[in-house]
Amino acid sequence: MKRLLIFHSALAPYRLDFFNTLADNYNCHIVFLSRNNRNQPFNQKELLSKARFTYSFMDIKIVIKNRDFNIGYLYHIIRYKPEIIIGGEYGLPALIPYFYKKLFRQKYTIYTICDDSLKIAQECKGIRAKLRSYLVHKLDGFIFISSQVSQWYKENFKINKKLIVFPIIKEENNYQLQLIKSLPISISFQDKFKLKGKKIILYIGRLTEVKNLNLLINAYKQIANPNYTLILVGEGNQKKQLQEKVQKLNLSNQVLFVGRYEGNELYAWYNLANIFVLPSVYEPFGAVTAEALQAGCPVLCSQNAGSAELIKNNINGHLFDPQNENQLAILLKEYINNAPNINLNQIRSSILITTFESCKNKLIQSLK
């Protein structure tokens, strides 16, 4: 198998299946630039125990204005002698492999993973835009999370490169097993939080400004009903302010802040939810959209999110303007009224419009 070297920021659960698939088809080694995600740390010991790839860490770095500049790229390239390199975005993980290839006439091909939504790609500016313009014609290919972004690159940069689309989704069989294992946890949550007989609107993510939870709470206020519960899963610097808002709106019995969860405890919430909402004003992708859809839960998704591409209006959810509170309120009422009761004796079928298998086959074929 070909030797594949990947430079990646830090391992997150929503990337594990993607990396393991590459490891099944290549002699794959991943160099993580950080030991954990700075904004949202995950249980790395648990994640890495499931890795089918070899890995190492690039711990030597210079930090300038909260940005890491890692040292050691050439060491890993020389040591591993890759035939394919996958970097990240348009910084050092792509620049250094390119410069080394040109200076020393190396034979490997270079791809970069770009996690931009269409809105972020269109509004890119500053040094990142300059680096993108420099590298876009020099790299051998790109891995995007959205076909809209792929098409935008093709039209705006007039490039004849390999443009691969692989949304951030989970491998279906493994995820279904996790959802099944989480059913007893779902039942325990139903008892603990007194959710039996309630219709549940779910949000999972950081409680921060860009997630736009003020709008979600305001929209929920318009349709508030004792038979509904809005559940916010996560932590963040807006938690106290949001809790105070809920209290002032007299919604404390209907809006629950349940904390942050990982693994099967996190997936248990999807089993309970009638609707999932992602209201972000800024969201490169939003893996939670795919997780909800693959758990059979309809999603009301911000049109700004990269994962908006996974939504087919009136089929598996609906898109909305994250600045339009009334639009979201109308959609919440429509979807919650039409939502069937949840049966925790079994998991629901996926309503995602694509499959991991089909994305995997295209990826492997394109990287050949």
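The shown structure was predicted, so the numbers you read here are calculated from the model rather than taken from an experiment.
The 12-atom threshold is not exceeded at CD of E209, counting heavy atoms of other residues, nucleotides or ligands nearer than 6.0 Å. Atom CG of L103 has more than 12 heavy atoms from other residues, nucleotides or ligands within 6.0 Å. Within 6.0 Å of CG on N253 lie no more than 12 heavy atoms contributed by other residues, nucleotides or ligands. Atom NZ of K239 has more than 12 neighbouring heavy atoms from other residues, nucleotides or ligands inside a 6.0 Å radius. By the neighbour-count criterion of 12 heavy atoms within 6.0 Å, atom CZ of R38 is densely surrounded, having more than that number from other residues, nucleotides or ligands. Counting heavy atoms of neighbouring residues, nucleotides and ligands inside a 6.0 Å radius, atom CG of N160 does not exceed 12 of them. The number of heavy atoms from other shown groups lying within 6.0 Å of OH (Y75) does not exceed 12. With a 6.0 Å radius and a threshold of 12 heavy atoms from other residues, nucleotides or ligands, K154 has its NZ atom at or below the threshold.
Side-chain atoms of Q222 and E325 include a donor-acceptor pair closer than 3.5 Å. Between the side chains of N37 and N39, not a single donor N or O lies within less than 3.5 Å of an accepting N or O. Checked by atom type, the side-chain pair N341/K199 shows no donor-acceptor distance below 3.5 Å. T208 and Q238 are not linked by any side-chain donor-acceptor pair at a separation below 3.5 angstrom, with hydrogens and angles left out of the test. Judged purely by distance below 3.5 Å, without hydrogens or angles, the side chains of N337 and Y228 pair a donor atom with an acceptor atom. A donor-acceptor pair shorter than 3.5 Å can be found between the side chains of Q44 and N36. In summary, the side chains of S117 and E283 do not present any donor paired with an acceptor at a separation below 3.5 Å, with no hydrogens or angles considered. Using modelled atom types, one finds no donor on one side chain facing an acceptor on the other under 3.5 Å when comparing E291 with Y14. Counted by atom type alone, N264 and S182 present zero donor-acceptor pairs between their side chains at under 3.5 Å. Residues Y153 and K158 have side chains that never bring a donor and an acceptor to within less than 3.5 angstrom of each other. A donor-acceptor contact under 3.5 angstrom links the side chains of E155 and Q151, judged on distance only.
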Please walk me through it: do K81 and E83 pass salt bridge (Lys or Arg N to Asp or Glu O under 4.0 Å)?
CA-CA 7 Å; K81 298 180 176 60; E83 294 164 271; over 6 Å; no

After noting the C-alpha distance and the side-chain angles of T355 and S358, does the key distance pass the side-chain hydrogen bond (donor to acceptor under 3.5 Å, both in side chains) rule?
CA-CA 5 Å; T355 66; S358 63; 3.0 Å; yes

Apply the test side-chain contact (heavy atoms from CB on, under 4.5 Å) to residues V136 and F157: give CA-CA distance (whole Å), side-chain angles for both, the deciding distance (0.1 Å), then the verdict.
CA-CA 8 Å; V136 74; F157 293 108; 3.8 Å; yes

Criterion side-chain hydrogen bond (donor to acceptor under 3.5 Å, both in side chains) on S146 and E309, from CA distance to verdict
CA-CA 7 Å; S146 160; E309 185 171 290; 2.8 Å; yes

Would L11 and L48 satisfy side-chain contact (heavy atoms from CB on, under 4.5 Å), going step by step from the backbone distance to the final call?
CA-CA 8 Å; L11 183 58; L48 290 169; 3.6 Å; yes

Q241/E244 under side-chain hydrogen bond (donor to acceptor under 3.5 Å, both in side chains): CA gap, chis, key distance, verdict
CA-CA 5 Å; Q241 178 256 313; E244 290 172 351; over 6 Å; no

Would Y98 and D140 count as a side-chain hydrogen bond (donor to acceptor under 3.5 Å, both in side chains) if you check the C-alpha gap in whole Å, the side-chain angles of each, and the deciding distance to 0.1 Å?
CA-CA 10 Å; Y98 170 72; D140 298 291; over 6 Å; no

Any chance you could lay out the side-chain contact (heavy atoms from CB on, under 4.5 Å) test for N304 and S280, step after step, and finish with the verdict?
CA-CA 7 Å; N304 289 0; S280 309; over 6 Å; no

Residue pair N326, N324: steps toward the side-chain contact (heavy atoms from CB on, under 4.5 Å) verdict
CA-CA 6 Å; N326 291 333; N324 192 330; 3.8 Å; yes

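Grouping the Ile, Leu, Val, Met, Phe, Trp and Tyr side chains by contacts below 4.5 angstrom, directly or via other members, places I145 with F18. Criterion: ILVMFWY side-chain heavy atoms under 4.5 Å apart, direct or through other members. Under it, L4 and L16 are part of a common hydrophobic cluster.
Distance alone, capped at 3.5 Å, places no donor-acceptor pair between the D68 side chain and the N70 backbone. For the pair N271 (side chain) and L179 (backbone), a donor-acceptor distance under 3.5 Å is present. Side-chain atoms of Q254 come within 3.5 Å of backbone N or O of N225 as a donor-acceptor pair. Looking at Q294, its side chain does come within 3.5 Å of a backbone N or O of K170 through a donor-acceptor pair. Remark: the backbone N or O of F142 is not paired with any side-chain donor or acceptor of K161 at under 3.5 angstrom. Put simply, the side chain of S307 gets close to the backbone of F285: a donor and an acceptor are under 3.5 Å apart.
Using the six-membered ring where Trp is involved, F104 and Y100 have ring planes that are tilted, between 30° and 60° apart. Ring pair F99/Y134 is tilted by interplanar angle, where 30° to 60° counts as tilted.
With ring centers used as reference points, F189 lies under 6.0 Å from Y261. A centroid separation of 6.0 Å or more is found between the aromatic rings of Y55 and F19. Close placement of the F193 and W269 rings is indicated, their centers lying within 6.0 Å of each other. Ring centroid separation for the pair F276 and Y335 does not come in under the 6.0 Å cut-off.
Annotation for P322 and N212: closest pair O-ND2, 2.7 Å, computed over non-hydrogen atoms. The minimum heavy-atom distance linking G286 with L278 is given by the pair CA-CD2, 4.2 Å.
With a 4.5 Å cut-off between side-chain heavy atoms of Ile, Leu, Val, Met, Phe, Trp and Tyr, the cluster of V281 takes in I120, V210, Y282.
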